[in-house]
Chemist: 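One structure follows; several queries about it will come next.
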Amino acid sequence: MMETRKIIAAGGLVWNERDELLMIYRRGKWDLPKGKLDEGESIEDCAVREVMEETGLKSITRGPLIDVGYHNYFDVHINENVTKETHWYHMCAAGNQQLIPQAAEDITAIKWVKDEALEACLEDSYENIVTIIRKATTTPKS
């Protein structure tokens, strides 16, 4: 069996005052903002930092942990199998903040969605993202 590298990451399910969820479009799929933990950083700080970097949001309130998800993939950049452990948090973004897709992370679009628009995004997303969104909509945000 091949060794698997473990990567720790964190991200957020960000809701606005209209109860819309922030979705990002990256590499042909609707996704959620998340990223790798930096050395010496807390997992909670990582979640907020990554969401801000990937979306351009300047003010986010972090809520409770929703869940920790795992997915496996082959990283072509390091030529290794990887298990990514992602800590997902509820988050809120107040006001009408400008959204700026982080091009360096291949993010080409960002939008607030709910109801039918959210369902359309989930049809063009990853199974683990659909699972965490379904879980988040059934857990308290504060």
Side-chain angles (χ1 to χ4, degrees), residues 2-78 80-142:
M2 210 170 167
E3 282 294 307
T4 301
R5 179 186 299 229
K6 185 174 183 182
I7 293 175
I8 308 291
L13 284 80
V14 186
W15 308 87
N16 66 16
E17 293 155 337
R18 295 176 301 282
D19 203 35
E20 295 168 317
L21 177 64
L22 187 73
M23 297 287 295
I24 63 172
Y25 196 73
R26 175 181 8 218
R27 301 180 191 117
K29 296 273 190 190
W30 286 102
D31 202 348
L32 295 168
K34 65 186 171 307
K36 295 174 189 163
L37 180 68
D38 286 344
E39 192 173 330
E41 182 178 42
S42 74
I43 198 73
E44 297 86 358
D45 288 348
C46 172
V48 171
R49 175 185 56 77
E50 284 290 346
V51 168
M52 291 171 73
E53 285 176 2
E54 292 194 346
T55 66
L57 290 169
K58 302 279 188 238
S59 176
I60 299 170
T61 303
R62 183 185 49 78
L65 179 71
I66 301 162
D67 201 8
V68 179
Y70 297 87
H71 75 280
N72 301 303
Y73 62 97
F74 184 78
D75 189 323
V76 296
H77 304 293
I78 60 173
E80 285 187 64
N81 287 313
V82 172
T83 297
K84 185 182 270 186
E85 174 184 298
T86 306
H87 299 242
W88 293 105
Y89 291 88
H90 278 295
M91 296 184 185
C92 298
N96 190 18
Q97 300 182 51
Q98 183 180 5
L99 300 175
I100 304 164
Q102 187 181 23
E105 290 292 332
D106 299 323
I107 300 167
T108 54
I110 304 177
K111 66 181 179 179
W112 294 106
V113 296
K114 72 186 291 186
D115 303 330
E116 297 83 19
L118 175 58
E119 291 306 315
C121 288
L122 296 183
E123 288 175 16
D124 190 17
S125 188
Y126 301 99
E127 186 178 330
N128 60 320
I129 297 299
V130 173
T131 300
I132 196 65
I133 290 171
R134 298 275 185 242
K135 183 166 229 161
T137 56
T138 61
T139 59
K141 294 177 187 159
S142 55

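Keep in mind that this is a model prediction, so the values were computed, not measured. The figures that follow rest on heavy atoms only: side chains count, while hydrogens, waters and symmetry mates do not.
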Chemist: Would you sort out whether Leu13 and Ile66 count as a side chain to side chain contact (heavy atoms under 4.5 Å, CB included), showing the intermediate values?
Modeler: CA-CA 9 Å; Leu13 284 80; Ile66 301 162; 3.6 Å; yes
Chemist: Return the set of residues passing ring-ring contact (aromatic ring centres under 6.0 Å, His included) with Trp30 (not counting sequence neighbours), or none when no residue passes.
Modeler: Tyr25
Chemist: Return the CZ to CG distance between Arg27 and Asp106, rounded to the nearest 0.5 Å.
Modeler: 4.5 Å
Chemist: Going by the rule side chain to side chain donor-acceptor pair (under 3.5 Å), which residues pair with Tyr73 if we only count those two or more places apart in sequence or in a different chain?
Modeler: none
Chemist: Please list every donor-acceptor pair under 3.5 Å in which a side-chain atom of residues 91-98 meets a protein atom from a residue at least two apart or in another chain.
Modeler:
{"residue": "Gln97", "atom": "OE1", "partner": "Lys58", "partner atom": "N", "Å": "2.8"}
{"residue": "Gln97", "atom": "OE1", "partner": "Ser59", "partner atom": "N", "Å": "3.0"}
{"residue": "Gln97", "atom": "NE2", "partner": "Ser59", "partner atom": "O", "Å": "2.8"}
{"residue": "Gln97", "atom": "NE2", "partner": "Ala94", "partner atom": "O", "Å": "3.0"}

Chemist: Nearest 0.5 Å, what's the NZ-CG distance between Lys111 and Leu22?
Modeler: 11.5 Å
Chemist: Between Asp31 and Arg26, does at least one N-O distance fall below 4.0 Å, as a salt bridge requires?
Modeler: yes
Chemist: Looking only at heavy atoms, what is the nearest atom pair of Leu32 and Gly12, with distance?
Modeler: CB-O, 4.2 Å
Chemist: When you compare the side chain of Thr55 with that of Ile100, does any pair of heavy atoms fall below 4.5 Å?
Modeler: no
Chemist: Rounded to the nearest 0.5 Å, what separation is found between the CD1 atom of Ile133 and the CH2 atom of Trp88?
Modeler: 8.0 Å
Chemist: With side-chain contact (heavy atoms from CB on, under 4.5 Å) as the test, pick out the partner of Cys46 among Leu37, Ile8, Val51.
Modeler: Leu37
Chemist: For Ile24, which of Lys34, Lys29, Glu54, Glu105 qualifies under side-chain contact (heavy atoms from CB on, under 4.5 Å)?
Modeler: Glu54
Chemist: Identify whether the distance between the nearest side-chain nitrogen and carboxylate oxygen of Glu80 and Arg5 falls below 4.0 Å.
Modeler: yes
Chemist: Output the distance between atom OG (Ser42) and atom CZ (Arg49), rounded to the nearest 0.5 Å.
Modeler: 10.0 Å
Chemist: Determine whether Glu50 and Pro33 make a side-chain contact, defined as any pair of heavy atoms from C-beta on separated by less than 4.5 Å.
Modeler: no
Chemist: What pairs with Gln102 under side chain to side chain donor-acceptor pair (under 3.5 Å), at least two apart in sequence or on another chain?
Modeler: none
Chemist: So how far is it from Leu118 CG to Glu20 CD, rounded to the nearest 0.5 Å?
Modeler: 10.5 Å
Chemist: For Gly11 versus Ala47, what's the shortest heavy-atom pair and its separation?
Modeler: O-CB, 3.8 Å
Chemist: Just verifying a value: how many Å separate Ile132 CD1 and Thr137 OG1, rounded to the nearest 0.5 Å?
Modeler: 10.0 Å
Chemist: Taking only residues two or more places apart in sequence, or in another chain, which ones meet Arg62 in a side chain to side chain donor-acceptor pair (under 3.5 Å)?
Modeler: none
Chemist: Could you check if a side-chain atom of Ile60 sits within less than 4.5 angstrom of a side-chain atom of Tyr89, using non-hydrogen atoms only?
Modeler: no
Chemist: So which heavy atom on Val130 is nearest to which on Ser125, and how close?
Modeler: CG2-CB, 4.3 Å
Chemist: Regarding Arg134 and Glu119, does a basic nitrogen lie under 4.0 Å from an acidic carboxylate oxygen?
Modeler: yes
Chemist: May I ask you to decide if His77's main-chain N or O and Asp75's side chain share a donor-acceptor pair within less than 3.5 Å?
Modeler: yes
Chemist: Taking side chain as C-beta onward, heavy atoms only, is Trp112 less than 4.5 Å from Val14?
Modeler: yes
Chemist: Any donor and acceptor pair, going by atom type alone, linking the side chain of Asn16 with main-chain N or O of Asp19 inside 3.5 Å?
Modeler: yes
Chemist: Spell out, as yes or no, whether a donor-acceptor pair under 3.5 Å connects the side chain of Glu41 to the backbone of Asp38.
Modeler: yes
Chemist: In chain order, what residues pass the side chain to side chain donor-acceptor pair (under 3.5 Å) check against Asn72, with sequence neighbours excluded?
Modeler: Thr83
Chemist: For side-chain hydrogen bond (donor to acceptor under 3.5 Å, both in side chains), just list the numbers for Thr131 and Asn128, CA-CA rounded to whole Å, side-chain angles, deciding distance to a tenth of an Å, and then say yes or no.
Modeler: CA-CA 5 Å; Thr131 300; Asn128 60 320; over 6 Å; no
